[in-house]
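Contents: one structure, followed by commentary.
What you are looking at is a predicted structure, and each value in this text was computed from that prediction instead of being measured.
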Amino acid sequence: MFKFKTLLFQIFRLVADSLHFLLQKTNRPSFKENPYRLPRQAYTLNDIDIVWLQTCGIKGIILDLDNTIVSEDDRYLSPGAEDWISQAKLAGLLFFILSNGKRRYRVKFWSHRLDIPALSPAKKPFPSAFRHAMGHIGLPAKHVVVIGDSLHTDALGAWLCRCRYIQVASLPHPPRWWEKLAGKWVQTPYPEEAELWEFDAAVGYEKFF
């Protein structure tokens with residue numbers, strides 16, 4: 001059993017390292033009409049400059065939900081995320097949420113609260129969900145950025161669909177089994193000194209069961 005776990009860990013590490021290298025090498029503008037470069041990483045949504053997104057030709061945003069906007073265990077909110085989304089909407093940016101979460105009532109709650117259409121479970125990184133999102137907001141890949149916390153789902157899906165992406169730090173949450181093996185290669189830990197907003201999951205969810 002120990003040898004199997006060791007082998008599995010080595011496989012995860014190899015895949016994660018290869019994925020990280022591939023995405024870091026290819027996450028750059030490839031369109032002649034858009035020579036500007038987006039940041040590859042930001043700690044939170046609120047750290048992303050909306051004006052710079054527009055300068056880079058971005059008109060639509062595909063957002064992750066779990067550990068990007070709200071922690072998977074519903075304990076924390078990303079500081080300033082809702083205000084940032086509101087400001088981005090006022091600036092004319094279009095949104096769509098793709099979540100791999102299987103608790104649909106939860107995704108419905110956030111879709112309603114943020115007034116953003118959503119799809120769940122999205123089965124990221126498979127391209128079909130990303131194409132659905134782009135079709136819904138009516139934008140081609142060159143004008144869309146994917147923002148999420150995981151390289152192996154959000155960033156890889158973006159790469160497969162030729163969208164750009166920005167990786168945010170993963171909000172604190174109980175680690176899943178694969179995160180214990182390879183989390184640090186596909187996610188950026190949330191800074192210990194950074195601000196966190198608490199969230200009461202008991203408020204509102206019952207309406208969406």
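- Across every non-hydrogen atom of Asn46 and Gly80, the tightest pair is OD1-O, 3.8 Å.
- Of all heavy-atom pairs between Ala158 and Tyr165, the closest is CB-CB, 3.9 Å.
- Here the side chain of His143 pairs a donor or acceptor atom with the backbone of Gly57 at under 3.5 angstrom.
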key: Derivation of the ring pair (Phe, Tyr, Trp, His ring centres under 6.0 Å) call for Phe95 and Trp110   = CA-CA 13 Å; Phe95 283 86; Trp110 283 103; over 10 Å; no
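- Of all heavy-atom pairs between Asn100 and Pro121, the closest is O-CB, 4.0 Å.
- Residues satisfying the side chain to side chain donor-acceptor pair (under 3.5 Å) criterion with Asp64, sequence neighbours excluded, are Thr68, Lys124.
- To the nearest 0.5 Å, the span separating NZ on Lys59 from CG on Leu93 amounts to 10.5 Å.
- A donor-acceptor pair shorter than 3.5 Å can be found between the side chains of Ser71 and Asp73.
- Counting only heavy atoms from C-beta outward, the side chains of Thr44 and Tyr190 approach each other to under 4.5 Å.
- Every residue two or more places apart in sequence or in another chain that forms a side chain to side chain contact (heavy atoms under 4.5 Å, CB included) with Phe126 is listed here: Lys123.
- Without hydrogens or angle criteria, Arg75 side chain to His173 main chain gives no donor-acceptor distance under 3.5 Å.
- For Tyr76 (side chain) and Asn67 (main-chain N/O), no donor-acceptor pair under 3.5 Å exists by modelled atom type.
- In this structure, the side chains of Leu77 and Glu82 come closer than 4.5 Å at one or more pairs of heavy atoms.
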